[in-house]
There are 2 protein chains.
Amino acid sequence: MANIKKKYKFAVIATDVVIFTVRDGQLQVLLIKMQKHPYEHYWAAPGGLVKPDESVDEAAKRHLHLKTGVKNVYLEQLYTFGKVSRDPFGRVVSVAYYALIPSAGLQLKTTGEYGEVSWFPVNRLPKLAYDHQEIINRAIQRLKDRLGYSNVVYSLMPRDFTLSDLQNIYEIILNKKLDKRNFRKKIFSLDLVKSIGRKRVGEANRPAELFVFTSRQLQRFKIL
Amino acid sequence: MANIKKKYKFAVIATDVVIFTVRDGQLQVLLIKMQKHPYEHYWAAPGGLVKPDESVDEAAKRHLHLKTGVKNVYLEQLYTFGKVSRDPFGRVVSVAYYALIPSAGLQLKTTGEYGEVSWFPVNRLPKLAYDHQEIINRAIQRLKDRLGYSNVVYSLMPRDFTLSDLQNIYEIILNKKLDKRNFRKKIFSLDLVKSIGRKRVGEANRPAELFVFTSRQLQRFKIL
DNA sequence: TCAAAAGTGTTCGTGCTACACCCATGC
DNA sequence: GCATGGGTGTAGCACGAACACTTTTGA
């Protein structure tokens, strides 16, 4: 460890990306199984060094794409973790990001050189390498905050959805029940969604009206 | 420039600290005059490389102390700036922080090897080196947000102060007038301050009651 | 006809906004 | 006694919280 540290005259930069989706009624995070000592059998958020010719944002996008195949999803810088001994392989400072992707039609890059990749519900996480537990905790907190003060939720939803779908996402992430009537009132008063004039049919109950977001750009305002 | 870049195999880490105070009825930032081409006659926020044996937080504290002599002031990580060409001297990623210090009894380290150091009102900034204009803009925005949702303002105030002093700080930073009665009601209802049973005397008007903060720990809640 | 989720209004209380006059002091 | 900032209360309004029943479909 000590001799590895000496490879670098200064701290070097890496990035880690906490990738969220909502699947099976739970908020889930994408993790990769580590191979190297001392972290074999630990899991970690995808990430790696920033190359000299790419920005930190680009590095985060690259790692996100590498593991999920997705592009153009919501990606926000979270925080930079810079403790001296956070990485036993050397002096690495990590700029953490978090990404939000809709679960519909997701295909992981589980094969290849990078070992096992898997989704985990945030309340049943395995042993995590480095300070990734701390990183994920902070990402969850940030996500909760953003839900209440922006329309980011659009990045977790498919193109069209019912208001109950939307309310479910909120309830799952915030981990509390919301009042249906108040929720709908609020969403409508903010003009967040518009009806597409169709209903979701084929279920054993009254068909629900389908909506799309009026805007899929990030906007800030108080929702909850 | 190109050959300097090659000195580093990876991006290296620096930190920059935007230091705020309120003086002369204005929000001001501490800047240092640059010496080296291409930025001679430009100014910049204090900062520099992170040493291999210090955390990024510690590096920020070090640079803050170096220029102001102060310790134990409010210091918060702001954002990490990672564009490839932000620094013409090489591939440097900067973790920006901002600090808040009370103006009372401030003494700058204007002498010594580091060249000129000076305060500038945020709305009359000189030409800034690197991407420091962007960093400062973001810091101002963050500060405004925090004022409305926490008690950070304590870190800009002397130990005891009048309610008008406090309101002034808010008005200066937010750049808008507040209603005196509503402001006082809010501050009291949150138990932010307590009277010390003394008044500020010697001014050509009714003496104002002096207060201290009930807590000088960061707390979050909606103020404005 | 039953189960299951969709959809729909009103009431109440809290908190924010707007607003004007008297008070205590130094000069 | 005058100029200067200190200190105080109320009324209207907007918004959030609580709450229950009818509708539409598939099985």
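Just so it is clear, the values below take in all heavy atoms, side chains as well, and ignore hydrogens, waters and symmetry mates. All figures in this text were calculated on a predicted structure; none of them were measured in a lab.
As a whole-Å value, the separation of A/F183 CZ from C/dG7 P is 13 Å. Summarising the geometry, the separation between CZ on A/F188 and C1' on D/dC15 is reported as 18 Å, rounded to the nearest angstrom. Across the protein-nucleic acid pair, A/I187 atom CD1 and D/dC15 atom C1' stand 16 Å apart, rounded to whole Å. Rounded to whole Å, the distance from CZ on A/R206 to P on D/dT24 is 5 Å. Distance A/L224 CG to D/dA17 C1': 13 Å, rounded to the nearest Å. Look at CD on B/E209: it is 15 Å from C1' on D/dG5, rounded to the nearest Å. C/dC16 atom P lies 11 Å from atom NZ of A/K222, rounded to whole Å. If you take CZ of B/R200 and C1' of C/dG26, they are 16 Å apart, rounded to a whole angstrom.
Between B/N182 and B/T162, the residue anchored nearer the 5' end of DNA chain D, judged by the nucleotide with its closest heavy atom, is B/T162. Mapping A/R181 and A/E203 onto DNA chain D by nearest heavy atom places A/R181 at the nucleotide closer to the 5' end. Where B/I223 and A/F211 each meet DNA chain C at their nearest nucleotide, the meeting point lying more 5' is that of A/F211.
With sequence neighbours excluded, no residue forms a ring pair (Phe, Tyr, Trp, His ring centres under 6.0 Å) with B/F20.
Here the options are B/E134, B/Q141, B/Q133, the test is side-chain hydrogen bond (donor to acceptor under 3.5 Å, both in side chains), and the partner is B/N137; only B/Q133 passes.
No salt bridge links B/R200 with B/E209; every basic N to acidic carboxylate O contact stays at or beyond 4.0 Å. The pair A/K176-A/E171 does not count as a salt bridge, with every side-chain nitrogen at least 4.0 angstrom from each carboxylate oxygen. The pair A/R146-A/E76 meets the salt-bridge criterion, since a charged nitrogen lies less than 4.0 angstrom from a carboxylate oxygen.
Checking the phosphate oxygens (OP1, OP2) of C/dG7, a side-chain nitrogen or oxygen of A/R184 falls inside 4.0 Å.
At the heavy-atom level, A/K186 lies under 4.0 Å from the strands shown only through sugar-phosphate atoms.
Two rings, from B/Y42 and B/Y130, have their centers 6.0 Å or more apart.
The aromatic rings of B/F213 and B/F161 lie tilted to each other, with the angle between the two planes from 30° to 60°.
With C/dT25, D/dG7, C/dA5 as the choices, the nucleotide that has an atom nearest any side-chain atom of A/N205 turns out to be C/dA5. For A/K185, counting side-chain heavy atoms from C-beta on, the closest listed nucleotide (D/dG6, C/dA18, C/dT10) is C/dT10.
Within a heavy-atom distance below 4.0 Å of DNA chain C, the residues of residues 163-180 of chain A found are A/S164, A/K180.
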